[in-house]
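As a basis for the values below, the full set of heavy atoms in this structure was taken, side chains included, without hydrogen atoms, waters or symmetry mates. It should be emphasised that the depicted structure is a prediction, and the values quoted were computed from it without experimental measurement. In what follows, every chain begins at residue 1, and chains take the letters A, B, ... in the order their sequences are listed.
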Number of protein chains: 2
Amino acid sequence: MSTIPSTITLPLEPSADPSAELPASATLPHDRVAELSHDFRLANARLTRRLRQQRANDELTAGQFSALCTLYSNGPLTLSELSEHERVTPPSMNRTVNSLVATQLVQRENAADDGRKVMLTPSEEGSALVRETRERRDAWIAQRVMKLSPEQQQVLAAATLIMKELAES
Amino acid sequence: MSTIPSTITLPLEPSADPSAELPASATLPHDRVAELSHDFRLANARLTRRLRQQRANDELTAGQFSALCTLYSNGPLTLSELSEHERVTPPSMNRTVNSLVATQLVQRENAADDGRKVMLTPSEEGSALVRETRERRDAWIAQRVMKLSPEQQQVLAAATLIMKELAES
DNA sequence: TATTGTTATACTCTATAACTATA
DNA sequence: TATAGTTATAGAGTATAACAATA
């Protein structure tokens, strides 16, 4: 499953200020962490907005598609489980799920063991939609990732793992 | 300014499938690019939602603060310049700017050379707010970045540069 | 005519509070 | 009582279309 080598080397752009360079084995000092965190957070938010601009009109929204993909890869899930994974509140996710159920892309059933819970499962149609449209939906970013250097591609792969951990914390 | 060494080495978690490993000098094949792009895009969106959950109630919203930070670091800017940097449409940014002008954190003036343009500048109060609250606003992520390994910190720094390029493309 | 900004409007995303059903 | 889900409601964020002012 993983595409990530056990070690990689990153040749990066030369530092403008050589005195600012640090050995890779040292953690960053406090002010550098603050600067990096700030830059990373803003870059993350801007990239999300950039990706939103790319959405075609005749498709599921980003939130709907993300939830459907999660159910496709990790389902069946309860509403709480799905909302935690997607990092929104249950009422927010419930609205998204309603739209997916209304278009018959997701099935909502009562859990057999606990009448309070609902099990959410992608329908055949929903699963097919994921398989058929994922590549097209990801085309904008994939086209750009393809043009990155091997080292930059490895950075993104490693960063994806870190971002998943951050989102889960 | 840069905190990034010219080269870094990344020891990552061992691959579950050794046959999937590739030399770092090779670009990923098409299907791996698609997989990486998909994972990265979803991780990016989820992290944005996670960060949104962290927002305190008594502060500027994320969009307002991001715009103010951009004007603080890169201003003065016209509305179009700011909206392009923040990756939203001019009408969307205009709404954000209206709220910042209403609270006197940003000054809106007609450009001297072109009567159609407006110049947006953070006020003294706005600049002070950025300086005083940035660290607190970034505390949630900074706390987690601080606990990452040196290699993971370097990955995030390199990824931030790539994400900025992606958002600008 | 083209560009820059603005207003009007609508839709999506998200949250909090309050409610229902079940454990 | 506590938990899982839902409904009601409101606010933030965003876009498109139409308009005004200026170049």
Side-chain angles (χ1 to χ4, degrees), chain A residues 42 44-68 76-103 106-120 167, chain B residues 42 44-68 76-103 106-120 167:
Chain A
L42 264 47
N44 186 78
R46 283 189 195 115
L47 182 55
T48 298
R49 290 193 290 262
R50 179 67 187 86
L51 285 160
R52 182 174 296 160
Q53 290 180 325
Q54 203 54 33
R55 180 172 79 86
N57 276 332
D58 54 344
E59 293 175 343
L60 295 180
T61 67
Q64 290 167 344
F65 193 69
S66 182
L68 184 58
L77 297 175
T78 67
L79 180 69
S80 292
E81 288 167 344
L82 180 57
S83 67
E84 278 169 28
H85 188 273
E86 295 297 293
R87 287 295 160 182
V88 295
T89 58
S92 295
M93 183 49 67
N94 197 46
R95 168 173 292 205
T96 300
V97 168
N98 281 343
S99 66
L100 293 172
V101 170
T103 51
V106 165
Q107 287 161 351
R108 178 196 261 134
E109 298 170 342
N110 289 326
D113 60 322
D114 187 335
R116 295 171 301 181
K117 294 183 181 176
V118 298
M119 294 310 303
L120 302 170
Chain B
L42 264 47
N44 186 262
R46 284 190 195 114
L47 182 55
T48 298
R49 290 193 290 262
R50 180 67 187 85
L51 284 160
R52 183 174 297 160
Q53 290 179 325
Q54 203 53 32
R55 178 170 80 87
N57 276 332
D58 54 344
E59 293 175 344
L60 295 180
T61 67
Q64 290 168 343
F65 192 69
S66 182
L68 184 58
L77 297 175
T78 68
L79 180 70
S80 293
E81 289 167 343
L82 181 57
S83 67
E84 279 169 26
H85 188 272
E86 295 296 294
R87 288 295 161 182
V88 296
T89 59
S92 295
M93 183 49 66
N94 198 46
R95 171 176 292 205
T96 300
V97 167
N98 280 342
S99 65
L100 293 172
V101 170
T103 50
V106 165
Q107 287 162 352
R108 179 195 260 135
E109 298 170 343
N110 289 326
D113 60 322
D114 187 335
R116 296 171 301 182
K117 295 182 181 176
V118 298
M119 294 311 302
L120 301 170

Nearest-nucleotide 5' precedence on DNA chain D, A:Q53 against A:V97:
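Mapping each residue to its closest nucleotide by heavy atoms, the 5'-most match is A:V97.
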Go nucleotide by nucleotide along DNA chain D from the 5' end; which of B:A62 and B:R116 gets its closest nucleotide reached first?
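By nearest-heavy-atom nucleotide position, the 5'-most residue is B:A62.
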Length of the CE-P vector between B:M93 and D:dA15, whole Å:
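So the CE-P distance, B:M93 to D:dA15, works out to 9 Å.
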Which is true for B:T89 with a 4.0 Å heavy-atom rule: it touches a base, it touches only sugar-phosphate, or it touches nothing?
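The residue B:T89 makes base contact.
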If you look at every strand shown and take non-hydrogen atoms under 4.0 Å, does B:T96 touch a base, only sugar-phosphate, or nothing?
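Contact class for B:T96: none.
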Side chains of B:N98 and B:R108: do they bring a donor and an acceptor to under 3.5 Å?
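The answer is yes; a qualifying pair exists.
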Side-chain H-bond candidate by donor/acceptor type, B:S80 with B:S83, under 3.5 Å
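B:S80 vs B:S83: no donor-acceptor pair found between side chains.
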Toward the 5' end of DNA chain C, by each residue's nearest nucleotide, A:D114 or A:R52
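Here A:R52 is the residue nearer the 5' end.
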If you find the nucleotide of DNA chain C closest to A:R87 and the one closest to B:L79, which residue's nucleotide is nearer the 5' end?
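First, find each residue's nearest nucleotide; the 5'-ward one identifies B:L79.
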side-chain N/O B:N94 vs C:dT6 OP1/OP2, d < 4.0 Å:
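True: B:N94 side-chain N/O within range (under 4.0 Å) of C:dT6 OP1/OP2.
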Ignoring hydrogens and angles, does a donor from either the side chain of A:R95 or the base of C:dT12 sit under 3.5 Å from an acceptor on the other?
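Such a pair does not exist between side chain and base.
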Please evaluate the base of C:dA15 for a donor-acceptor partner in the side chain of A:S92 within a cut-off of under 3.5 Å?
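A donor-acceptor contact between them is present.
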Side chains of A:M93 and A:L79: does their closest heavy-atom pair fall under 4.5 Å?
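Heavy-atom side-chain distance check passes, below 4.5 Å.
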With heavy-atom distances below 4.5 Å as the criterion, would you say the side chains of A:M119 and A:N110 are in contact?
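No; the side chains remain at least 4.5 Å from each other.
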